[in-house]
Protein chains: 2
Amino acid sequence: MTDDDTTASRAGLKPGKRPTINDVARIAGVSKKTVSRVINQSPFVREETRVKVSAVIDDLGFTPDVQARGLAFRRSFLVGLIYDNPSPNYVVNMQQGVLDALRGSGLELVVHPCDRSNPALVSEIRAFVERQKLFGVILPPSVSEDEAVIDVLRELDCPYVRIASVSLDAPERMLVTNDHLGAAEAGRHLADLGHRRIGFISGPTLFRSSAVRGGGLRDALAERGVALDERLVVEGAYTFESGVEAAKSLLALDPRPTAIFTGNDEMALGVFKVARDMGLEIPRDLSVVGYDDLPMASRVWPNLTSVRLPIRDMGRMAAEKLLAPMRGLDPAKLDQPEVRPSLVVRDSATALKP
Amino acid sequence: MTDDDTTASRAGLKPGKRPTINDVARIAGVSKKTVSRVINQSPFVREETRVKVSAVIDDLGFTPDVQARGLAFRRSFLVGLIYDNPSPNYVVNMQQGVLDALRGSGLELVVHPCDRSNPALVSEIRAFVERQKLFGVILPPSVSEDEAVIDVLRELDCPYVRIASVSLDAPERMLVTNDHLGAAEAGRHLADLGHRRIGFISGPTLFRSSAVRGGGLRDALAERGVALDERLVVEGAYTFESGVEAAKSLLALDPRPTAIFTGNDEMALGVFKVARDMGLEIPRDLSVVGYDDLPMASRVWPNLTSVRLPIRDMGRMAAEKLLAPMRGLDPAKLDQPEVRPSLVVRDSATALKP
DNA sequence: CTGAAAGCGCTTACAG
DNA sequence: CTGAAAGCGCTTACAG
């Protein structure tokens, strides 16, 4: 088949130029408004017309110009991901999940890292959302918990979905992760291994999940008749270094805890380091359970027992909520399974020797 | 100051609606074309006029509509990052570097992971670039080495910058990382520690950097009078698992190598695992040097000696090349320092005991 | 150095 | 169910 056989050349389209809605209309013998209706899946098009126009669209390989549509709609086809989570693994998994949901929708993903300690945070987000007239925004923790940011999105009439460990908004704008459950599993695991003196290195209080995870641990232990000693609770910052500091203070106690649960894996590795420096062997002398199940959890020695959050799935589910109205679905009633963390048992926690 | 004092309300602008070029023109008492000239920094505007118009722009907080500009320019204000590197750390650092350069430019970053083994790779990239009419694209390895992808970008007249360990394109479209140098540093380090039987676990041949790093190692050893035994060279896949397999085969040799250099850190951790399983202690019984200097290099035990690539800087420099024409600069003559990897010496490689 | 007209490729609002 | 007109907010090409 030569170029001259294509519909494009038969219709006398300029080569090298993309076909427009006018070309489709002319060739299909309808008005451009009708083509527009077909593109936008309007029900007010006769089936026969729809088929005819669709055939021309496919034949020409026509795709509507996003800028022109955006200008007319006063809305772009870009989804923003605004995040302040410092873990590369978290960020990349989240991005991939969002992209999973966006695939085939014609929407693209624009990434926007931010820093909540930056005084210009809100004005920068405002400028970003307003300039790009974003189709919608996805907010993982902790920026999802920032009401000043949310206020701006509401004011700009920008759809959003928040991901958080507690319900902060209407169901159609929330994806709640059951962090209480994940921490509870970790707590039960340690209690069932016989541990009674259990240390907890929490995340920073800026993250709602820190308190939720602490609550999950506390409740699970209580369920087993074990009280969480508040003197064994230390606040970390979700970083390796903060894990080191917290572990030093916990392991300097006498008697020291026989097990430590950390709010994330980075801090668990800080515990590993301090234990090694003190000549303690994990898990023989100290059991450790982390949270996040980073790839390195299964690379370090001993392999780290950790709570896994399905981050990629979370990204996908949040994006699906954002797209639901476009697909004629009710985002509040989306049939999404609850996001449940699960404990991945490896070698860093073991039964307490009597 | 009340709302009624603002220029916007004095001029009778509708509240809640963003000011347009027409508002600026009317208030400044010029035509919209003149405002357009000011926005686009045309030299053909009298200084007095420029100042007057700029004042109104600032006063109104006017920012041009990106969709409308995009439609008229036939080009969006989006930079695409197309990548297939599987390392989350690499990806996030690269994104941050690109964003460093984009900050303040009004451009946004659209991420596009891809898979070179996907037969639809080229058509998907074409659709992405064509639909969004990208301002430009940045390509890290290995997709930067894919000529079919580059052909499409050329055909679509989409500016791009490639990042690679060898020069594959004109200087204004290339950021070359001196991987030969990085691997050579690793090689010299091991030779200087007295190692003679040195194993090399390379990356996949699909990555040009694999061969370049091997060459750097070989040349540095030769420089020290040490020959790289080709029987001690094994191809890995840049994954932990492939590092495990490669390490098994290398450490089963008799005599086994006294040191192993790996094409990346992931594979180095595979070596750690095998050594541990075999009862070999690093660095006493085996020295290991990695490449990438992932965050976990300083978390594992012993801390991993590794070659660091300034990935974030690379992202920034590549993006600066892409933006140079917009800033009236010549991208080929940009004053960018050469990208030089550097060896970060830690504890995983030590002097060979006689 | 400045401006009135036409156009970028779509959609909304209104008719029929 | 379908269409002609006007508009989204900018820029290009042409005058002056």
Side-chain angles (χ1 to χ4, degrees), chain A residues 13-14 16-54 56-57 60-78 106 130-133 135 157 326, chain B residues 13-14 16-54 56-57 60-78 106 130-133 135 157 326:
Chain A
L13 296 187
K14 293 150 193 100
K17 280 198 68 172
R18 292 176 53 194
T20 73
I21 196 172
N22 286 308
D23 300 319
V24 176
R26 184 164 32 78
I27 295 170
V30 297
S31 74
K32 58 202 257 196
K33 176 61 221 176
T34 296
V35 178
S36 173
R37 287 196 180 92
V38 173
I39 297 169
N40 293 293
Q41 307 182 54
S42 157
F44 305 113
V45 182
R46 211 173 3 138
E47 177 61 12
E48 193 188 316
T49 313
R50 199 188 58 69
V51 169
K52 182 174 62 179
V53 172
S54 296
V56 176
I57 287 176
L60 252 43
F62 166 77
T63 50
D65 183 288
V66 286
Q67 265 96 27
R69 278 187 101 189
L71 181 56
F73 271 137
R74 289 162 195 77
R75 177 126 295 177
S76 76
F77 295 89
L78 302 173
E130 193 168 22
R131 282 178 58 89
Q132 299 297 328
K133 301 205 219 77
F135 177 90
D157 210 35
M326 186 172 96
Chain B
L13 295 187
K14 294 152 192 96
K17 279 199 69 173
R18 291 177 53 195
T20 73
I21 196 172
N22 286 308
D23 300 319
V24 176
R26 183 164 33 76
I27 296 171
V30 298
S31 74
K32 57 202 257 196
K33 176 61 220 176
T34 295
V35 178
S36 173
R37 287 196 181 90
V38 173
I39 297 168
N40 292 293
Q41 306 181 51
S42 158
F44 305 114
V45 183
R46 214 179 352 145
E47 177 61 11
E48 193 188 316
T49 314
R50 201 188 58 67
V51 169
K52 182 174 60 179
V53 172
S54 296
V56 177
I57 287 177
L60 251 45
F62 166 76
T63 51
D65 183 287
V66 287
Q67 265 97 26
R69 280 187 99 191
L71 180 57
F73 271 138
R74 290 162 195 77
R75 176 126 295 177
S76 76
F77 294 89
L78 301 174
E130 194 168 22
R131 282 178 59 90
Q132 298 298 328
K133 301 206 219 75
F135 177 90
D157 209 36
M326 187 171 96

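Worth knowing before you read on, the calculation uses all heavy atoms, side chains too, and leaves out hydrogens, waters and symmetry mates. In the text below, chain A, chain B and the rest are named by the order of the sequence lines, each starting its count at 1.
- Distance check, rounded to the nearest 0.5 Å: CG of Leu71(A) to CZ of Arg69(B) gives 13.5 Å.
- Listed for the Asp23(B) side chain is no donor-acceptor partner under 3.5 Å among the backbone atoms of Pro19(B).
- Distance, Arg131(B) CZ to dC10(C) P: 11 Å, rounded to whole Å.
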- Task: Determine, stepwise, if the pair Ile27(A) / Phe62(A) fulfils side-chain contact (heavy atoms from CB on, under 4.5 Å).
- Result: CA-CA 12 Å; Ile27(A) 295 170; Phe62(A) 166 77; over 6 Å; no

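- Under the Watson-Crick and G-U wobble criteria, each requiring two contacts below 3.5 Å, nucleotide dT2(D) is paired to dA15(C).
- Contacts with DNA chain C (heavy atom under 4.0 Å) in residues 62-74 of chain B: Leu71(B), Ala72(B), Arg74(B), listed by number.
- Tested against Val53(A) for a side chain to side chain contact (heavy atoms under 4.5 Å, CB included), the candidates Val45(A), Val38(A), Ile39(A) yield a single pass: Val38(A).
- Rounded to whole Å, the distance from CZ on Arg18(A) to C1' on dG9(C) is 10 Å.
- In this entry the distance linking CZ of Arg26(A) with C1' of dG9(C) reads 14 Å, nearest Å.
- Rounded to the nearest 0.5 angstrom, Ile57(A) CD1 and Arg50(A) CZ are separated by 10.0 Å.
- The residue Asn40(B) sits close only to the backbone: its heavy atoms come under 4.0 Å of sugar-phosphate atoms, none of a base.
- For the atom pair NZ (Lys32(B)) and CG (Asn22(B)), the distance works out to 4.5 Å, reported to the nearest 0.5 Å.
- To the nearest angstrom, P of dC10(C) lies 8 Å from CG of Asn22(A).
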Every protein N/O lying under 3.5 Å from an N/O of nucleotides 1-5 of chain D:
| residue | atom | partner | partner atom | Å |
| --- | --- | --- | --- | --- |
| dT2(D) | OP1 | Arg46(A) | NE | 3.4 |
| dT2(D) | OP1 | Arg46(A) | NH2 | 3.3 |
| dT2(D) | OP1 | Thr49(A) | OG1 | 2.4 |
| dT2(D) | OP2 | Arg46(A) | N | 2.9 |
| dT2(D) | O4 | Arg37(A) | NH2 | 3.4 |
| dG3(D) | OP2 | Ser31(A) | N | 3.1 |
| dG3(D) | OP2 | Ser31(A) | OG | 3.1 |
| dG3(D) | OP2 | Thr34(A) | OG1 | 2.6 |
| dG3(D) | N7 | Arg37(A) | NH1 | 3.3 |
| dG3(D) | O6 | Arg37(A) | NH2 | 2.6 |

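- Thr63(A) and Arg18(A) form a side-chain donor-acceptor contact under 3.5 Å, judged by distance and modelled atom types alone.
- Between Ile21(A) atom CD1 and dG7(C) atom P the separation is 18 Å, expressed in whole Å.
- Contact of the Arg131(B) side chain with the Phe77(A) side chain is not registered, since no non-hydrogen atoms from C-beta on lie closer than 4.5 Å.
- If you take CZ of Arg75(A) and C1' of dG9(D), they are 17 Å apart, rounded to a whole angstrom.
- In this structure, the side chains of Lys133(B) and Leu78(B) stay at 4.5 Å or more apart for every pair of heavy atoms.
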